[in-house]
**Q** 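Right, I'll just put the structure down here and ask away after.
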Amino acid sequence: VIVLAHAGHWAVGLIYMVPIFIVVAVLSVASWRDRRTAERETSKQRSNS
Amino acid sequence: VIRRPATAATSAALAFFLTAAPASAHGLVGKQDLPIPKWLFGWAAAAVLVVSFVGLAVLWPRARLEGLRERRVLTLPAWVDPLCGLLGVAAFTGLVYAGLAGSQVVNDNILPTVVYVIFWVGIPFATLLFGDLWRAFNPWRAAGRAFGWVARRIAGDAIPDALPYPARLGRWPAALGILLFAGLELAFSDRDDPSTLAVLALSYAAVQLVGMSLYGVRAWSDRADAFSVYFGLFASLSPVRWSRRALHVRPPLSGAAAVPATAGTVALLCVMIGSTSFDGFTSSAQWNSIVQWLAPRYRNLGLNADHAIELVFFTGIVGMILAITGLYLLGCVGMRSVRGLREPALTLARRFAPTLIPIALAYLMAHYFGLLSYQGQAMRYLVSDPLGDGSNVFGTASATIDYGWISATGIWYVQVAALVVGHACGLALAHDRALVLFGDARVATRSQYWMLAVMVAFTSLALWLLSNAD
């Protein structure tokens, strides 16, 4: 209960985490695109051979 | 009825810890006058790291740091190393004497200030600039070498060879030593007591001498002596390296890139970062609420109020170290998302461990710069009156601390700069190591995506912790 009493402080601290969320989101999209491109290249090479 | 005194005692212990710990840890800090909110500094620092990452990807296509040669710039006479050792032993003896025989009032005795300000914080700062000075003045190493020399003279070949230092042990004893020191500094209620500190210093010296006699001075100092290893890791960042007979210069960070991936290195660095982070966390309202929630539960286990609070603080230290370790391992697990990389995450964690060295130093500088700038000045009067008995050896016993030489705002800017530069150096080391491991610059950059996220998380965490300090 006491931990929850300071929920306001925890919430204010979250503002420091915004850059982490943004970086993680951008990097997730970037790695997903990298993986998709690599898979396409691999399947293209397979179909050519 | 029985619980009331216990509750009162717990409350008193709580009040002591929650007010005394931050004050002793960070020194006095005045009001900051910042043009933007503190969280915006966190966002800006994250942006700088992202830009640094892009800059590294574009402008750093080949590994540069590993295998760089150092240059010898000065040869030292043979007597310098023993002389420095002798001075180290003399200083250690004098400080232990002051702790045992001097005033037991914390601010009057030189020992607490030397241990927590000069030794723990000041030496890392000096190490970055001037190289591993501690190695020369280390009293345990000097005593161990002196004992060895005397024993060889007396017994000759009858002395058995040192045991081979177990590779599996690596830097684990050093990690344990730093964890125990962090426990002493941040959790132990008698941490400032001069005689306790003196006894602990003697006990630590005894353990080091036993270790050196078993495994040899060099093997033990380089891997198991907690403070030698601690200062040695920071010294790897310095452009200056001392050997027994010479002074060498090298490109900055190249020493860190050459730190061997010995067992226990990641643990040691995570203990260093985690314990500093915990010190910052103790100033937050969140920590206060955790203490108030956890302390009564430890009291219910049968501990008295003081011990319950000490255990809560030690639990906090361990928890923070585990959180930092988890964050770093997350970056290493992410690295494995690169196609074709089959190395286990723990092997990668070990190989990329040097990236944590500048972060550990940045955390230390950011958290303790205020303490060093203010409380460090106390040395001016303490050297004249080390025992607190009213003597005035150098005529500076009446000196005072000048709280005006740097403002709280100035300290904040130094802290932010240290964090940003430290994490950017960490990124550079990780990028360089990735180039060595993966060869291709594109793959190396891709492998570091998650390390970038970890660096941003470390920076944001550090700035959030610092924002709680006032």
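Throughout, a chain's letter reflects where its sequence line sits, starting with A, and its residues are numbered from 1.
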**Q** Quick check: do B:W450 and A:V24 have side-chain heavy atoms less than 4.5 Å from each other?
**A** yes

**Q** Quick check: does any side chain N or O of B:W464 sit under 3.5 Å from a backbone N or O of A:I15, one acting as donor and the other as acceptor?
**A** no

**Q** So which part of B:V456 gets closer than 4.5 Å to some heavy atom of chain A, the side chain, the backbone, both or neither?
**A** both

**Q** How close do A:P19 and B:A46 get, heavy atom to heavy atom, and via which atoms?
**A** CB-CB, 3.4 Å

**Q** Can you see which heavy atom on B:S467 is nearest to which on A:Y16, and at what distance?
**A** CB-OH, 3.1 Å

**Q** Chain A: which of B:A45, B:S460, B:A47 shares the most heavy-atom pairs with it under 4.5 Å?
**A** B:S460

**Q** For B:A457 versus A:I20, what's the shortest heavy-atom pair and its separation?
**A** CA-CD1, 3.6 Å

